[in-house]
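In what follows, a structure is listed as structure tokens, so that the remarks can point back to it.
We name chains A, B, ... by the order of the sequence lines, and we start the count at 1 in each one. Hydrogens, waters and symmetry mates play no part in the numbers below; they use all other heavy atoms, side chains included.
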Protein chains: 2
Amino acid sequence: MRERSSRASSFTVDVVLVTAMRNELAVLLTRSAGDRERWSLPWRFAQSGESFDAAAAKSGEEALGEQPSWIEQIAAFGDGRRHPSDTEVSVAFVGLVPHETASPRTGYTWFPMSDLPPISPRQRAMVEAATRVMQSRLDQAPIAFRLLPSTFTLSDLQQMYELLLGKRLHKASFRRALQAAWLVEPTDEWRSEGRGRPAQLFRYSPKKKRRLHRGVRFDFLYP
Amino acid sequence: MRERSSRASSFTVDVVLVTAMRNELAVLLTRSAGDRERWSLPWRFAQSGESFDAAAAKSGEEALGEQPSWIEQIAAFGDGRRHPSDTEVSVAFVGLVPHETASPRTGYTWFPMSDLPPISPRQRAMVEAATRVMQSRLDQAPIAFRLLPSTFTLSDLQQMYELLLGKRLHKASFRRALQAAWLVEPTDEWRSEGRGRPAQLFRYSPKKKRRLHRGVRFDFLYP
DNA sequence: GAAATAGTGTCTCTTAGACACTATTTC
DNA sequence: GAAATAGTGTCTAAGAGACACTATTTC
């Protein structure tokens, strides 16, 4: 039987914590342990006996004081690209955080995804892979909902989808599709945002077995 | 600087090689190195300086004499589940092979996915994750085409999609959608399959920039 | 009142699926 | 001819997007 005690391993678990700030996605970085001038994703050495998911969740909690609302493994990164740990392998996770509850602990800072400071090449690849994972899961998992607080307006939700998809959506169509999917229910609260008519608040509350008889889709181009 | 020479690592690269045999998916297994009574996915110890993809492709080539037509990382598996190597971590890949060219080397055997012999729990999890990855990528990557030989009939293609989706598709709709996607082109060959009218052979040949303005999809159910 | 935002009704055009048909082979 | 498979034309119903409208707020 192998040793299962808790010792440092030769690989790391990294987490790409993502939130939405002012109509753009942001990533949480901290000062790199090795070189305090450089920034880094939160990461830790894997401990034997601890699952990757647990390690990633722990990193998230350490950075934010609470666990991300959604977490998923991206991939293992083991090419020769540099990483602050100097290990050869890192397992990367993406974690989503609603911005309202996302107050980073000291030493952690949100950076807009379009304007990150220099980070190690391996972690740069993780951030890029994280955005691809989020986009590809967008219609299969409640990504947008996990970036929003527990109650939100339909305009909030639509803006989040527009941000994640990178394109404008049609308001009436968006609401029709949402209604057909039985994913949200109205609360009896309304939010007034300064000017304009107040909007009703909704909560994520997936109700029905989706019927889900769509045809085939050929949404690819590359060999 | 770390050592980058080629030495055995403390983790493995495993590959779930998949093909389609007689209307069901099949996985390639070999006798386990440790216990010749048990079966196992092809795997190898990771070598420093060699990328995961290269290691997985090499495993595939070793088993089949040629590289899989499509390969993608599934995930790193690092829970406590048992693996023939007794390492704590394995990086799993899924590789697709057209059945016509898939003649396994000695010691390797195709098993129908619905009736696998006992394999280690970690590798069992890899096989299950592989099917999920294939299904979720089905409309974003040419999964079905990579399981078919270089030329195929439209009925072949539809049957492959039906197998991967686990449901019947409408013939006319399928062909209309395929035509709109500009993914195949006809050859001047026809195949007679015994009784019935011969079918024209097509080849995968993605042509156009997809226009790709679909609306939002809420195809999920779980929180 | 104007401006801004929320929310809805209706039209049209596209498309998925149903149905039915024609076409070409083996038996 | 019957049976089997390939391939297509047409109708219909559902859905996406455009457009225009109503509703409710702040200024």
Polar side chain donor-acceptor pair, A:S205 to A:K207, under 3.5 angstrom: yes
Candidate list A:L96, A:L17, A:V15, test side chain to side chain contact (heavy atoms under 4.5 Å, CB included), partner A:P68, passing option: A:L17
Pair B:S114, B:E24: side-chain N/O donor-acceptor within cut-off below 3.5 Å: yes
Heavy-atom closest contact (B:S40 atom, B:I119 atom, distance): N-CG2, 4.2 Å
Separation of atom CG in B:D219 from atom P in D:dG15, rounded to whole Å: 13 Å
First encountered from the 5' end of DNA chain C, between A:E193 and B:G196: A:E193
B:R203/B:E185 salt bridge by N-O under 4.0 Å criterion: yes
Whole angstrom value for the distance that separates P of C:dA6 from CG of A:L169: 15 Å
Protein-to-nucleotide contact annotation, 5' to 3' order, nucleotides 7-12 of chain D [B base; S sugar-phosphate only; - none; under 4.0 Å, heavy atom]: B-BB--
Integer-rounded Å distance: D:dA6 P and B:L157 CG: 13 Å
Nucleotide D:dG17, atom P - distance to OH of A:Y161 in whole Å: 14 Å
Output field: ring centroids B:Y161/A:F218 closer than 6.0 Å: yes
Donor-acceptor pair between B:T12 and B:R44 side chains, under 3.5 angstrom: no
Dot-bracket line, read 5' to 3' along DNA chain C, where crossing pairs take [ ] and | marks a partner on another strand, Watson-Crick or G-U under 3.5 Å: |||||||||||||||||||||||||||
Interatomic distance where CZ belongs to B:R195 and C1' belongs to D:dG1 [whole Å]: 18 Å
Rounded distance (Å) that lies between atom P of D:dA18 and atom CZ of A:R168: 11 Å
Nearest-Å distance for atom pair CG/P, residues A:L165 and D:dA16: 14 Å
Derivation of the ring pair (Phe, Tyr, Trp, His ring centres under 6.0 Å) call for B:F145 and B:F202: CA-CA 11 Å; B:F145 298 90; B:F202 289 76; over 10 Å; no
Length of the CD-P vector between B:Q159 and D:dT5, whole Å: 10 Å
No-hydrogen, no-angle side-chain donor-acceptor test under 3.5 Å, A:D14 and A:Q123: yes
